There are 2 protein chains.
Amino acid sequence: MSRSRSDLIAETLEDEILRGRFAPGTRLDETRLAEEHGVSRTPLREAFQKLAAAGLIEQQPRRGVFVREVGAVELLEMFEVMAETEASCGRLAALRISESALADLDAANARCREALEAGQSDAYYRENEVFHHLIYAQSGNRFLAAEAARLHRRLKPFRRTQLHLRGRMAQSMSEHLEIVEALRAGEADRCAALLRAHVAVQGEKFHHLMAGLRAAE
Amino acid sequence: MSRSRSDLIAETLEDEILRGRFAPGTRLDETRLAEEHGVSRTPLREAFQKLAAAGLIEQQPRRGVFVREVGAVELLEMFEVMAETEASCGRLAALRISESALADLDAANARCREALEAGQSDAYYRENEVFHHLIYAQSGNRFLAAEAARLHRRLKPFRRTQLHLRGRMAQSMSEHLEIVEALRAGEADRCAALLRAHVAVQGEKFHHLMAGLRAAE
DNA sequence: AGTCAAGCTTTCGTATACAAGACTTGAGTT
DNA sequence: AACTCAAGTCTTGTATACGAAAGCTTGACT
């Protein structure tokens, strides 16, 4: 399965939306973007269909397409689903994980610890991502892993800032160690519960942030 | 958010694919389908983009679009994710379900029992669906409920035949009762485990069917 | 008879043209 | 002065046209 032109445009736009080039609610101008990509409106509109299906934009007939605004409620819902999905990955991984994957997790955690001790939250963030993607893969379920990665990516813009919160990095680190312990022991339910809590915290932190913002208004 | 023309075409095609009008692997002829829907190729191709994003068709550049063939492995993976997703719905519903929703579930189960006693597997199938969708909704998480419904729909063609298997209807019925019990008691973990098992059975049954088919070759 | 190549046909991908709905702006009225 | 309505402009949605690539057919050569 090769990639077509509109696929590439869709990917680029998705990236730009997730990276914040287009603020939520912004109207995406077909003509302007077509020019920018050096194509006509046709392939651009095809890319729009893909983004709409992925839930990133909203098409209002005869009005145009707009970057979807995800409200606070929906965002919290997505964080909750992320927690449940990671829990599922953990549950299955606990039953299926290989020795070499356990070693990979240990290695990722070692790099996490280095970043933590050096106080480099960017590096921690990267290695944290590796850790989680390893667990997705070790669920032994490619479909599940893909869904997890998709949602992870979708939530990325909202997760990024959270490690800076006081003490989170250290706590996250120790949770990682517990999770690997549960995986190594093959304790599916415990691993699921640990991952659920580990991820759910992000939703809660986000909740706090939101509450803070609203109070400041 | 209103629906555009290509949305309607995409929905129709999705329905036709899931209903089996187009066998997996079939090539979808743009020109023919455009004629059939009384439009030009443009809106049809836009519909294709949506279906491709939903994973229902595969676009091979310069070759055409084909109804995706989901292999046995992927199908089992999807069943597994369905089980995990329903478990998540159950877990959250156990914490959040309302009295009136519990009554609705009782009512759905009563109708299931009627169908069971009358031996009407079609009616049972319908009421079973109502039961499960009620639980999706009672997760109190619209995003999760939508994901669950989406996957449920995707698996529909492969689930349909399974109630005919010997004794499955009666067993399914008694599992429903246990699930409601757990929901009423607010036992989140137990409810999740019950739903996981209840749904996972479908994947296993499917596995048996597949094994049978392969043996017959 | 089989194989390979060249031309032809078909179909895809994209640009462009056109029609119809929505927004804007300006004048007129209350 | 504010509101309404209408004409004009802009943008979207769809059809059509055109270039290019893949596959098929046919014919020649081994």
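Order of the sequence lines fixes the chain letters, A, B, ..., with proteins taken first and strands second; residue numbering starts at 1 for each chain. Everything numeric here is computed off the predicted structure, so don't read it as measured data.
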- Does anything in residues 21-32 of chain B reach DNA chain D, meaning a heavy atom under 4.0 Å, and if so which residues? none
- Query: Would B:Glu16 and B:Arg19 count as a salt bridge (charged side-chain N to carboxylate O under 4.0 Å, His left out) if you check the C-alpha gap in whole Å, the side-chain angles of each, and the deciding distance to 0.1 Å?
  - Reply: CA-CA 5 Å; B:Glu16 290 179 321; B:Arg19 283 174 126 76; over 6 Å; no
- Rounded distance (Å) that lies between atom P of C:dT11 and atom CG of B:Leu44: 14 Å
- Hey, is A:Glu14 close enough to A:Arg153 for a salt bridge, meaning N to O under 4.0 Å? yes
- Task: Compare every heavy atom of A:Gln138 with every heavy atom of A:Ala101, then report the nearest pair and how far apart it is.
- Result: CB-CD, 3.2 Å
- Contact interval (first through last nucleotide) of DNA chain D with protein chain A, 4.0 Å heavy-atom: D:dT11 to D:dT14
- What one should report as the nearest heavy-atom pair of B:Tyr125 and B:Lys156 is OH-CG, 3.2 Å
- Query: Any idea how B:His132 and B:His176 line up, ring-wise: parallel (<30°), tilted (30 to 60°), or perpendicular (>60°)?
  - Reply: perpendicular
- Task: Decide, yes or no, whether a salt bridge links B:Arg168 with B:Glu175 under the criterion of side-chain N to carboxylate O below 4.0 Å.
- Result: yes
- Task: Send over the distance from B:Arg45 CZ to C:dT11 C1', rounded to a whole Å.
- Result: 10 Å
- Sub-3.5 Å donor-acceptor pair from the side chain of A:Glu84 to the main-chain atoms of B:Ser88, do we have one? no
- Message: Assess whether a salt bridge exists between A:Arg150 and A:Glu147, defined as any Lys/Arg side-chain N lying under 4.0 Å from an Asp/Glu carboxylate O.
- Response: yes
- Which atom of B:Tyr136 lies closest to which atom of B:Ala145, heavy atoms considered: O-CB, 3.5 Å
- Quick one: do A:Glu46 and A:Arg5 make a salt bridge, cutoff under 4.0 Å? no
- Query: Base, backbone or nothing for each nucleotide of nucleotides 17-25 of chain C, written B, S, -, heavy atoms under 4.0 angstrom, 5' to 3'?
  - Reply: B--BSSS--
- C:dT14 phosphate, OP1 or OP2, under 4.0 Å from A:Thr42 side-chain N/O: no
